[in-house]
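Remarks on the structure that follows.
Below, read A as the first sequence line, B as the second, and so on, with proteins coming before strands; counting in each chain starts at 1.
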Amino acid sequence: MKLITTIIKPFKLDDVKAALKDAGVQGITVTEVQGFGRQAGHTEVYRGTEYTIDFVPKVKLEVLADDADADRIIGVIVETARTGKIGDGKVWVTDAGHIVRIRTGELDSDAI
Amino acid sequence: MKLITTIIKPFKLDDVKAALKDAGVQGITVTEVQGFGRQAGHTEVYRGTEYTIDFVPKVKLEVLADDADADRIIGVIVETARTGKIGDGKVWVTDAGHIVRIRTGELDSDAI
Amino acid sequence: MKLITTIIKPFKLDDVKAALKDAGVQGITVTEVQGFGRQAGHTEVYRGTEYTIDFVPKVKLEVLADDADADRIIGVIVETARTGKIGDGKVWVTDAGHIVRIRTGELDSDAI
Amino acid sequence: MDTGDAAWVMVSAALVLFMTPGLALFYGGMDRTKNVLNMLMMNFWCLLIVPVVWVVVGYSLSGQNPADFDNKFLGSLDFIGLKGMGIGGEDGGALLITMVFLGMFAVITPALISGAVADRMKFSAWAIFVPVWLLLVFVPVFKWVYGGWLGSRGSQDFAGGTAIHVNAGIAALAMVLVIGKRKGWPQEGHPPHNMPMVMLGTGILWFGWFGFNAGSALGASGTAIQAFLNTFVAAAAAGLAWAVTEKLRDGHFTNLGAASGIVAGLVAITPGAGFVSGMSPLYIGLIAGVVCCFAVGLKTKFGYDDALDVVGVHMVGGLVGSLLIGFFSSPDYFGTENKAGLFEGGGLGLLGEQALANGATLIYSFVVTTLIALALKHTIGIRVDDETEQNGLDLAEHAETAYHGTN
Amino acid sequence: MDTGDAAWVMVSAALVLFMTPGLALFYGGMDRTKNVLNMLMMNFWCLLIVPVVWVVVGYSLSGQNPADFDNKFLGSLDFIGLKGMGIGGEDGGALLITMVFLGMFAVITPALISGAVADRMKFSAWAIFVPVWLLLVFVPVFKWVYGGWLGSRGSQDFAGGTAIHVNAGIAALAMVLVIGKRKGWPQEGHPPHNMPMVMLGTGILWFGWFGFNAGSALGASGTAIQAFLNTFVAAAAAGLAWAVTEKLRDGHFTNLGAASGIVAGLVAITPGAGFVSGMSPLYIGLIAGVVCCFAVGLKTKFGYDDALDVVGVHMVGGLVGSLLIGFFSSPDYFGTENKAGLFEGGGLGLLGEQALANGATLIYSFVVTTLIALALKHTIGIRVDDETEQNGLDLAEHAETAYHGTN
Amino acid sequence: MDTGDAAWVMVSAALVLFMTPGLALFYGGMDRTKNVLNMLMMNFWCLLIVPVVWVVVGYSLSGQNPADFDNKFLGSLDFIGLKGMGIGGEDGGALLITMVFLGMFAVITPALISGAVADRMKFSAWAIFVPVWLLLVFVPVFKWVYGGWLGSRGSQDFAGGTAIHVNAGIAALAMVLVIGKRKGWPQEGHPPHNMPMVMLGTGILWFGWFGFNAGSALGASGTAIQAFLNTFVAAAAAGLAWAVTEKLRDGHFTNLGAASGIVAGLVAITPGAGFVSGMSPLYIGLIAGVVCCFAVGLKTKFGYDDALDVVGVHMVGGLVGSLLIGFFSSPDYFGTENKAGLFEGGGLGLLGEQALANGATLIYSFVVTTLIALALKHTIGIRVDDETEQNGLDLAEHAETAYHGTN
Ligand SMILES: Nc1ncnc2c1ncn2[C@@H]1O[C@H](COP(=O)(O)OP(=O)(O)O)[C@@H](O)[C@H]1O
Ligand SMILES: Nc1ncnc2c1ncn2[C@@H]1O[C@H](COP(=O)(O)OP(=O)(O)O)[C@@H](O)[C@H]1O
Ligand SMILES: Nc1ncnc2c1ncn2[C@@H]1O[C@H](COP(=O)(O)OP(=O)(O)O)[C@@H](O)[C@H]1O
């Protein structure tokens, strides 16, 4: 089983969610995060003092998926989240074992 | 070493934390997340306009554990977090290597 | 490819970020989390009623890195985040595959 | 009506109106994120329904129109819909603005109760409870105390210690006894979700309370000035007393301690605001601050789940202040129709009257409120189901969420 | 100037000033996290620029100085920089404090419009729009209604239903038609980011509105008392009506429904505050609450993106209240120079005048506002670019972020 | 006492009371999440301790009772515990309500200092500092300026520019010099954690300041009206000037710029509120807005860590406004006992007196405040330990957390 993690721009959340739903994904977990990367942060000036805010608001999505579906899902994410501008984010995959659905105790493929 | 991740209902946090403590778990990291899954979101009506909120507030727990303890811990989580209603959440496991306790530099089993 | 995850004290965030930058790390994802561990939580008293807050505010950093860089990066984190007091946090590593940069579609090493 | 008096009573009425949103924030900040809108709505509901009920029938029944001054238990139906009342008369509208001013008190009194039943009361039950309680409890007690049998016997209540705070406080107790405890209480508790909101609410309450107390002189008179001064000093003294008590007992000066003490002092000076002078407000404040600081601990001892301490602050604070009139009341400044307290050369007579008035209020309000609560419980139900309580009332009861982050 | 009157007008002016920050919070809470500071700044901008423009030239042009009472369309330039006006005259400053009081209305009127253009208007365009609109639209309409051709024909507007709410409401419509819809609207929408902030704003607005309406009597008179009472009752009744309408239609009593209804009631009672009595404010409030509750749905039907319902609440509420004067106006109390409404023994005459005054205001304000908006659009631009709209206006337009968590 | 005057002074006193919670929010919003409750509590502490100290002894020592008018340096102990003061006298309570009104100023003056020492001062030290500073610095300076040697020489200070803002501002400087810089300052800085809270605080401050300034006329007189007008115009002009200065210098109109400018303008018009007329408040506001906008940059230049710019806004703003009286003071309206400023046909005499009064205040306040701070430092300690500073003062000092999310 795979855990697909992606960092995207917040305003893309609705689109990506919809696209994943269309692609048959039944569950997602979303976290508000702060990203630091090539996309520059910004400067805020309060009473003449500059504060450099290095971090950019991003959204992290985690999707558990069958091994067979992982590449397809990644494809959907990449396609939908892309704006072509710096800061679009990343996707990556890790192996996840022993997935359990708490409600039923179902395992792995049945649990996602 | 294992990283056990679980998504649960927020009001179960105290119970799960207590159960994990009883089970000998010494550390947990908790994140507020938004879940999307079988459990339907809800509708909010503001001035007659309906807003569909697809996401349900959830809590994510991460627990680093020895390989030997992982299954037991998962069992405890599943048992405590279960209400039997849709939306109880998931547990899954990933391999984690090189765990370091920052304070002491201790490694792996000693670090958790 | 590796995903290095670390839990640190919030006030160390700026230092760790700077040190990682110096070490050549080009991207980080940061999440506000609540930690439970050896570092005791605290008690708040409202109108004479004690509330035990078990959780301590922490910050989670996630860094995607080449396998070759992982140990060095962990070293930098451990060194910079250490105060020597309980609650300094952990670092751990998981394997991450298929890293994609959404903007360009670049893969793995090129994507981080 | 003298323009200065009119200006002062109008300002005071506006200030008292502002107290209810202030109270909503004071309570709402202490509540949890998932229930804050239910708390706000319980208070705003009073702002919606009570003015309507008040002008239609409440004022008339409250017997505050001079034509009803002979009645000792209830007003009449002669002034429903404000019949015959206007600004054209020779009082230039004095009666009308007094009616509005009293209407503001009618709004906030049931709102006070909301803090006790927080986190578990069905909103539909609250929606019905407010007008029913207003007519069956607030209105008669108000009449008894002001121009009714309790007041004419000689008890004193300048701005509503007995009629409002003791009355609402004991009603809160009756309500929580019928509704029962929140799930998990007292083992688990939940710290305030937003303390700055609590402090803002406290600021608004203190600000508005100058209208509540000094406005009750119904004119910009010397009595109003004294009531103003007393409201200033007693609130500060009680806040100080509560904060210092906590510092000695628990080790810290807390914001919630300061806020709670301020409110306790405001409650305690309410009944005597226009009857005491000199350093008396200081003593009343100090006493109320210490007493209420301990009184909020009673709920855990006796096991009634008064969520945000309506009993400990309003009932106890109101009683303390009302009984202390029996000691500090100083008729010198306020006219000899007012009895002197024990320390001001009077005997125990006034204290006895105060005890009687509060006793009667406690009994009547407790009994009738319990009956209303039981009636609700056994008809439409008074408590939300467990799932709603777990997930929070905001969503289930109001289809709203207080804070929306990711958008 | 009588001290009681002076006290009341000063208090009222302060209360109206406080309404603009209240409005900022009311709107800001409804907005999204990423745009809240832009919303606040649009309102605060009115607090900065309007007083300056008002004392320098706006007041003079508004023709509210007695010397300009003969003009029917515009004031004069005789009082620029408050020339010749001081507290030394025999009116003791009455004219001067009236000028300030009216200045507070000048501040809040353009601020009302900000709710419509939320989330997409360039701040530089707003910065210019406010003083230009003030001089080209607010000032003439104000003159027409108060002492100008509309007012002298016999239409009535006690505290600014036509001159302020209808005027700002229709201007809001003109603006959004030129600016266009927010990206994604109406498919996507965004619930309020902070409902307690909305409720606080509502509380401040109601509190301040006592100054707005009862202060418009320009003294602590019986008329002020009646206006005060009407402001109390109509707001509650409208809040109740809106909340109940939603309960019946959508299933819940909501905070935003209560808040919106309160504001709708306050708007609707504004034009008639000093002209109706008895239970009339109750009826006006109930009608306005129901009508506005449905009126806010028009934007989706007709496709104009009035983000925070300035049209549905202020234009519609103002029209409802202004036309209802034609039915409820009761000259008994307010002097025979005021016409009676249909239900008070008058004929249809007053209703006709009300329709005419509002019609003229609607047309003039719509046309001139559209021209201003088009001029801005084709010069400096009126709308932010897509990226700014996506990322939020706070950062791009003000280099500020509303909430900073991790620090 | 005339009812209109009484109404106005009571309202004004209530408004000034409301300013301290407003200030707490203004400062608290600018602070970081982990220190906001400490900031609120520093302000609320003034609300608790000062009224008590004031009625017990502070008022008496301040020499504001007519019986003490001959004293030039300090009052007396004749009025401790308000001895002999009541509403029964022939002034009908005028003296008593003046005492309360001044007490509100006594509350907010030390509260102003809290913004400078934010994020690092031990609360126990603050708890002691407030009453000590009140008696050793505020009270004597207040006497000197009002009825004391500075005032009788001919300097003017209508509502507390010198006695309050310059005094608190220079004291803030003395405090931060003793306490030292926050860890990491100025390399690291921290943007405001909650800007809407700052804007709410600004709104409350402006609203309350009408009481502060126009209330200082101690009656609903023409002077009050002029002070009211000046408070309106100067605040707007200064907010505008600061916002425009930032726009030109940094590229954006910011909320914090608007808010800071408004406060700077309110400070600057305070000393002259009842002495200037016509367009003078506009000029004073514009000048203060620009000057203070640059003055807040001095701290980084000179390296004193005045966290929330008490020196740059209150000391500098107060000085600017106080010295500008020397130019703009117009005795025409305000009685010939007031000197004329340079632009109003007077000579340099008044300017000299203003300089002297402020100079004396600066020196005395700086020296005595430094001594108090040093005494605290070398006894109970004045600064929290590093760990507390790192983790935030809320938890360590007050055992409270401002926001609790997951519950
Ligand atoms: N090496 C990394 N490890 C973890 N997260 C990263 C890494 N690099 C980037 N990110 C995350 O991805 C986001 C976008 O990355 P950025 O470098 O700004 O743009 P792009 O992905 O278009 O190259 C960052 O804000 C951060 O959250
Ligand atoms: N495939 C998935 N990947 C990641 N998280 C998921 C996935 N499916 C569900 N979740 C998380 O688990 C939560 C509960 O899932 P849901 O489908 O609602 O109920 P249940 O787990 O009872 O079947 C979701 O809100 C979401 O946070
Ligand atoms: N077993 C664990 N699994 C996941 N997170 C942990 C674990 N143990 C500790 N943590 C995280 O690390 C933080 C610091 O741990 P703690 O035990 O308090 O101190 P230390 O790391 O110095 O031993 C915790 O607050 C928690 O967020």
Donor-acceptor pairs under 3.5 angstrom involving side-chain atoms of residues 10-21 of chain D: please list them, not counting sequence neighbours.
residue : atom : partner : partner atom : Å
D:Ser12 : OG   : D:Trp8  : O            : 2.8

If one checks every heavy atom of F:Val9 against chain D at 4.5 Å, the contacting part turns out to be neither

Validation: residues 86-97 of chain F side-chain donor-acceptor distances under 3.5 Å, sequence neighbours left out:
residue : atom : partner : partner atom : Å
F:Asp91 : OD1  : F:Gly93 : N            : 2.8
F:Asp91 : OD2  : F:Ala94 : N            : 3.4
F:Asp91 : OD2  : F:Leu95 : N            : 2.8

Nearest heavy-atom contact between F:Ala6 and D:Ala220 is CB-O, 3.5 Å

Heavy-atom closest pair (F:Gly81 atom, D:Met279 atom, distance to 0.1 Å) is O-CE, 3.4 Å

Taken to the nearest 0.5 Å, the spacing of D:Phe207 CZ from F:Phe207 CZ works out to 4.0 Å

For D:Pro196 and F:Val36 the tightest heavy-atom approach is CG-CG2, 4.3 Å

Turns out that what part of F:Met197 lies under 4.5 Å from chain D's heavy atoms comes down to side chain

| said: Are the side chains of D:Leu240 and F:Val52 in contact, using a 4.5 Å heavy-atom criterion? | reply: yes

Notebook entry, point to check: Less than 4.5 Å apart, any side-chain heavy atom of D:Met195 and any of F:Tyr403?
Noted result: no

ask   = Does some side-chain heavy atom of D:Val244 sit less than 4.5 Å from a side-chain heavy atom of F:Leu48?
value = no

Exercise. Is the CD atom of F:Glu387 crowded by more than 12 outside heavy atoms at less than 6.0 Å?
Worked result: no

task = Step by step, work out the side-chain contact (heavy atoms from CB on, under 4.5 Å) result for F:Trp54 and D:Val233.
result = CA-CA 9 Å; F:Trp54 184 250; D:Val233 175; over 6 Å; no

In terms of heavy-atom contacts, F:Ala396 and D:His252 come closest through O-NE2, 3.4 Å

Interface check, chain D: of F:Gly4, F:Gly103, F:Gly22, F:Pro51, most non-hydrogen pairs under 4.5 Å belong to F:Pro51

Turns out that what part of D:Ala224 lies under 4.5 Å from chain F's heavy atoms comes down to both

Under 4.5 Å to a heavy atom of chain F? For D:Leu229 that would be both

Any side-chain heavy-atom pair of F:Leu200 and D:Leu200 under 4.5 Å
yes

Checked D:Thr3, D:Asp2, D:Asn35, D:Asp250 vs chain F; the most non-hydrogen pairs under 4.5 Å come from D:Asp2

Per-residue tally against chain D (heavy atom, under 4.5 Å) across F:Met104, F:Met41, F:Glu397 peaks at F:Met41

Correct closest heavy-atom pair for D:Leu256 and F:Glu400 would be N-OE2, 3.0 Å

Of all heavy-atom pairs linking D:Phe253 and F:His398, the shortest is O-ND1, 2.7 Å

Can you list the steps and then say if D:Ile225 with F:Met1 is a side-chain contact (heavy atoms from CB on, under 4.5 Å)?
CA-CA 10 Å; D:Ile225 288 172; F:Met1 187 175 193; 4.0 Å; yes

Scored by heavy-atom pairs under 4.5 Å with chain F, the best of D:Phe228, D:Trp209, D:Phe210 is D:Phe228

- request: Using modelled atom types only, decide if a donor and an acceptor are shared between the side chain of D:Asn255 and the backbone of F:Leu37 within a distance under 3.5 Å.
  value: yes

Under 4.5 Å to a heavy atom of chain F? For D:Ile262 that would be side chain

Rounding to 0.5 Å, atoms OG1 (F:Thr401) and NE2 (D:His193) come to a distance of 14.0 Å

